[in-house]
Amino acid sequence: MASLRELRGKIKSTKSTEQITRAMKMVAAARMRKSQTAILAARPFAVKMERLVRELALLQERDAAAGDAIGAVHPFFERRSAGPEMLVLFSGDKGLCGAFNANVLRSSLEWLRARRGRKTLCAAVGRKGRDMVHRLRGYDVEVVCELVGVFPKVNFTHAELLGRAVIDAYEKRGASSITVIYNEFKSVAQQKLISTELLPIPAPPSAPDALALPDYGFEPGRRELLSALLPRVIKAQIYRMLLESQAAELAARMNAMDAASKNAKELREAYVLDANRTRQAMITKEIAELVGGAEALAG
Amino acid sequence: MSDKRLTVELVTPEKVAWSAPADLVVLPAFEGEMGVMPGHQSFLVQLAAGEVRVTDRGEVKHFAVSGGFAEIKDDEVALFAETAEAAELIDAERAHQALERARRSALQKSPGALDAAEIEAAMLRAKTRLRVSRRGGGAPPRTGG
């Protein structure tokens, strides 16, 4: 059994760890509440935009099928066979948030491994993701954009920056597709890893139904309007992903720190019990010795 | 016709700025102002920086938007703006300062072409906000506090 002094040292250090993890949990909780409201406020915009784009995509398909001249496909809808694929991964800047970063990095690595030997482009959000991409050896990956230190204060300018890099890669570098991997904020206790295609804009699942589609008027012309609208749609989506990832990270950290605090508490209690037992054993031993000594003297 | 009304929703990437029924909406469309009443054809419009006027039972509300899009469909008007502010909420003082700042940087020599465009956009935004805040009889410039 450990000595009393050792046990007291352990109690002290466990206690200070517990205090740290508890403080981190509180900070994460407060920040998470804030970014949760930010997402809830931002979702209507993204959802409405997505619905609009779905309709435009349907319209695009219908006109392409009809061989209409104005239906000439906008590059964002075009399915390309050649060109490097691109990955955008949303990780965090800091650790101590459970499996949050590990999940993103693992799934990104899988994506990259499947394309080993081919040239790929990559954009990394968060320090963890950037470091992972820089550590890669034997992959033909070109990093076109890094966004580090943006959490927990994401705003639309960050989405602008990343969005511009992504669109540049697609338009100027001829990227054939852009995949995003991020954590979605499902609830406080749950984050969901999402891997989806940002560009080209995915074809709507339902068959184009000409009757249900409104005949839109466009001002300015359809092509100009699309070229102004679609980049903004992409940026709005990226903005939502940044917010989702931010809230998910904070939620993950909160849970991880909560678990850590609980563990520390349990451990500390076990040590305290041990220490008390040791102390009591020593006292009992001393009394026994005293009694033994007195009896010997009296005898 | 009086029973048919528009549903107007003004959304920005950060929040739903405003949402209410209306009788008439005037948008700062790309090629000039555009009025929308119930029964309008489905339309997709690019918005310039400017003023949105919403008339609801004779009452007019003014908003300043800084570019974006509007979708008109089935008597629903969805405005996707980068920023949107109600006239009453515009801080005229700040808009004024922004305008001054933009003017000053425009006067400095040899700004790059990109900067020039940005400065112009900033000026346009500030001017729009000032105009809208005056139109809406917005709050007077705040002093202190």
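Letters go in sequence order (proteins before strands), and every chain restarts at 1.
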Taking everything shown except B:Arg94 itself, do over 12 heavy atoms lie less than 6.0 Å from its CZ? no
Heavy-atom distances under 4.5 Å only: say whether B:Gln46 touches chain A with side chain, backbone, both or neither. both
Pick one of side chain, backbone, both or neither for B:Ala81, based on which atoms fall under 4.5 Å of a heavy atom in chain A. backbone
Of all of A:Lys48, A:Arg43, A:Glu224, which one pairs up most often with chain B through heavy atoms under 4.5 Å apart? A:Lys48
Checking heavy atoms, do the side chain of A:Phe156, its backbone, both or neither come under 4.5 Å from chain B? both
Without placing hydrogens or testing angles, list every side-chain donor-acceptor pair under 3.5 Å for residues 230-237 of chain A, not counting sequence neighbours.
{"from": "A:Arg232", "atom 1": "NH1", "to": "B:Glu82", "atom 2": "OE2", "distance (Å)": "2.2"}

Closest-packed option against chain B by number of heavy-atom pairs under 4.5 Å, given A:Gly217, A:Pro220, A:Ala228: A:Gly217
Around atom CD of B:Glu31, are there more than 12 heavy atoms from other residues, nucleotides or ligands closer than 6.0 Å? yes
Heavy atoms of other groups near A:Phe218 CZ, more than 12 under 6.0 Å: yes
Note, A:Leu52 side chain near B:Phe80 side chain (heavy atom, < 4.5 Å): yes
Any residue meeting ring-ring contact (aromatic ring centres under 6.0 Å, His included) with A:Phe100, in chain and number order, not counting sequence neighbours: none
Engaged part of A:Leu40 at the chain B interface, taking heavy atoms whose separation is under 4.5 Å: neither
What do you reckon, is NE2 of A:His158 surrounded by more than 12 foreign heavy atoms closer than 6.0 Å? yes
Separation between CZ (B:Phe43) and OH (A:Tyr216), nearest 0.5 Å, reads 12.0 Å
Tightest non-hydrogen contact, residues A:Ala42 and B:Pro13, listed as CB-O, 3.3 Å
